[in-house]
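The structure appears right after this line, and notes come after that.
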Amino acid sequence: MLVASARAGDLDAFNRLVERYERLVFAVCYRLLRDAHQAEDVTQDAFIKAYLAIADYRGGSFPSWLLHIATNRAYDVLRYQRRHAARSLDAEPVEREADWTVEPAPDDPHDTADRRELQARLEAALGQLPEDQRLVVVLHDVYGYHYEEIAAITEVALGTVRSRLSRGRARLRQILREDPGTRELFDEAGRQTASGDAAGLEG
């Protein structure tokens, strides 16, 4: 209903769509660009473009349509950076809410700290993937998009989506295995899970 109203020119309806999906669009752009300010700019540009082009929307998944616009704009920024060698390696990381499914236990500060560190290491490993693999891994493994949806967002064939996902996962596993600190955190998380399961069985 919101999309239909927005297509009819209802600005308030479109603003409600922005409120509903801006965090998703920003998070995907941030993981592609690795820069919060650029991700904010791209997110804003994407919604402006979506508003101007909403009459051309032909149905299907509205967030997928938004992400198609946003990721195309993010790739424009990345191409510009490569051409002008303008990307700074000294950019200070900005802490953002992560979407990895490693929920901390609220009553265990030590466990919370470990899980936050593991989250940060996962995010850093994700940032080392090639951009095309990173986007597919984020869309599929973090946000749960199906192959067909990712193919529509990225405008590549299903086989290419599967290939990028497979290569991205393999590379991610390799990066994590090669980091002793990450292996230690995973081992600790596994021990805590096993201990919790045992306690549950005893109860």
Side-chain angles (χ1 to χ4, degrees), residues 1-81 94-104 106 115-116 119 122-123 126-127 129 131-166 168-169 172:
M1 290 177 61
L2 287 175
V3 174
S5 297
R7 291 188 67 193
D10 186 340
L11 181 58
D12 181 63
F14 186 81
N15 287 336
R16 290 172 65 186
L17 290 170
V18 172
E19 292 172 359
R20 179 172 297 183
Y21 296 115
E22 63 184 346
R23 291 185 66 185
L24 168 66
V25 173
F26 170 83
V28 172
C29 291
Y30 176 66
R31 284 187 163 108
L32 265 179
L33 296 165
R34 315 301 297 172
D35 182 282
H37 297 298
Q38 289 181 343
E40 288 170 355
D41 289 343
V42 168
T43 299
Q44 184 178 45
D45 289 349
F47 277 108
I48 291 172
K49 185 172 182 180
Y51 178 72
L52 295 175
I54 198 165
D56 299 327
Y57 172 67
R58 293 292 181 262
S61 169
F62 185 74
S64 295
W65 183 72
L66 281 176
L67 287 175
H68 171 67
I69 294 172
T71 54
N72 277 347
R73 179 71 187 106
Y75 277 127
D76 287 342
V77 171
L78 290 169
R79 282 190 289 268
Y80 177 86
Q81 290 174 340
V94 177
E95 184 176 350
R96 292 282 173 177
E97 181 178 349
D99 294 292
W100 294 95
T101 55
V102 282
E103 294 297 330
R115 288 174 184 271
R116 284 179 178 170
Q119 247 176 248
L122 286 168
E123 289 287 351
L126 187 64
L129 296 182
E131 292 145 10
D132 56 350
Q133 296 175 18
R134 189 191 318 157
L135 176 59
V136 172
V137 170
V138 166
L139 291 174
H140 188 277
D141 291 344
V142 179
Y143 294 104
Y145 281 90
H146 299 297
Y147 293 130
E148 293 80 4
E149 294 173 307
I150 298 172
I153 292 169
T154 58
E155 292 187 314
V156 299
L158 281 174
T160 302
V161 171
R162 294 190 178 95
S163 175
R164 289 178 181 178
L165 181 62
S166 177
R169 285 172 169 173
L172 197 59

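Every heavy atom of this structure was used, including side-chain atoms; hydrogens, water molecules and symmetry mates were not. Treat the numbers as computed from the prediction; the structure is a model and nothing was measured.
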Derivation and outcome, side-chain contact (heavy atoms from CB on, under 4.5 Å), residues Asp45 and Ile69: CA-CA 9 Å; Asp45 289 349; Ile69 294 172; over 6 Å; no
Contact list for residues 54-64, test side chain to side chain donor-acceptor pair (under 3.5 Å), sequence neighbours left out: Ser61-Ser64
Under-4.0 Å salt bridge between Asp41 and Arg73: no
side-chain contact (heavy atoms from CB on, under 4.5 Å) between Ile48 and Leu52, worked out: CA-CA 6 Å; Ile48 291 172; Leu52 295 175; 4.2 Å; yes
Partners meeting salt bridge (charged side-chain N to carboxylate O under 4.0 Å, His left out) with Asp76 (sequence neighbours left out): Arg79
Over all atoms of both residues, closest heavy-atom pair of Val25 and Ala70: CG1-CB, 3.6 Å
Polar contact flag, side-chain donor to acceptor under 3.5 angstrom, Gln38-Gln81: yes
Considering all heavy atoms, the nearest Thr43-Phe26 contact: OG1-CA, 3.3 Å
Which donor-acceptor pairs under 3.5 Å do side chains of residues 148-160 form with protein atoms, sequence neighbours excluded?
{"unit_1": "Glu149", "atom_1": "OE1", "unit_2": "His146", "atom_2": "N", "d": "2.9"}
{"unit_1": "Thr154", "atom_1": "OG1", "unit_2": "Ile150", "atom_2": "O", "d": "2.7"}

Backbone of Leu129 reached by a side-chain donor or acceptor of Arg134 within 3.5 Å: yes
Shortest non-hydrogen separation from Ala74 to Val42 and the atoms involved: N-CG1, 3.9 Å
Separation between OG1 of Thr71 and CD of Glu131, rounded to the nearest 0.5 Å: 12.0 Å
CZ on Arg162 to CZ on Arg164, rounded to 0.5 Å: 14.0 Å
Pairwise distance CZ(Arg20) to CG(Asn15) - rounded to 0.5 angstrom: 13.0 Å
Steps toward side-chain contact (heavy atoms from CB on, under 4.5 Å) verdict (Phe14, Val3): CA-CA 7 Å; Phe14 186 81; Val3 174; over 6 Å; no
Validation row: Val142, Val137 side chains within 4.5 angstrom (heavy atoms): no
Under 3.5 Å: donor-acceptor pair, side chain of Arg31, backbone of Leu135: no
Close side-chain approach of His140 to Val161, heavy-atom, < 4.5 Å: no
Counterpart residues, side chain to side chain donor-acceptor pair (under 3.5 Å), relative to Asp10 (two or more places apart): none
Shortest non-hydrogen separation from Ala6 to Ala13 and the atoms involved: N-CB, 3.9 Å
Value rounded to 0.5 Å, distance of CG in Asn72 from OH in Tyr75: 9.0 Å
Step-by-step side-chain contact (heavy atoms from CB on, under 4.5 Å) determination, Asp141 to Arg169: CA-CA 9 Å; Asp141 291 344; Arg169 285 172 169 173; 2.7 Å; yes
Taking every non-hydrogen atom, the tightest pair across Tyr145 and Pro63: OH-CB, 3.7 Å
Interatomic spacing from CG in Leu139 to CG in Leu165 - rounded to 0.5 Å: 10.0 Å
Nearest atoms (heavy-atom pairs only) where Phe62 meets Ile54: CE1-CD1, 4.3 Å
Arg7: salt bridge (charged side-chain N to carboxylate O under 4.0 Å, His left out) partners, not counting sequence neighbours: none
Tyr51 and Val18, any side-chain heavy atoms less than 4.5 Å apart: no
Partner residues of Ser166 under the side chain to side chain donor-acceptor pair (under 3.5 Å) criterion, sequence neighbours left out: none
Atom pair OH/CZ of Tyr21 and Arg16 - distance to nearest 0.5 Å: 11.5 Å
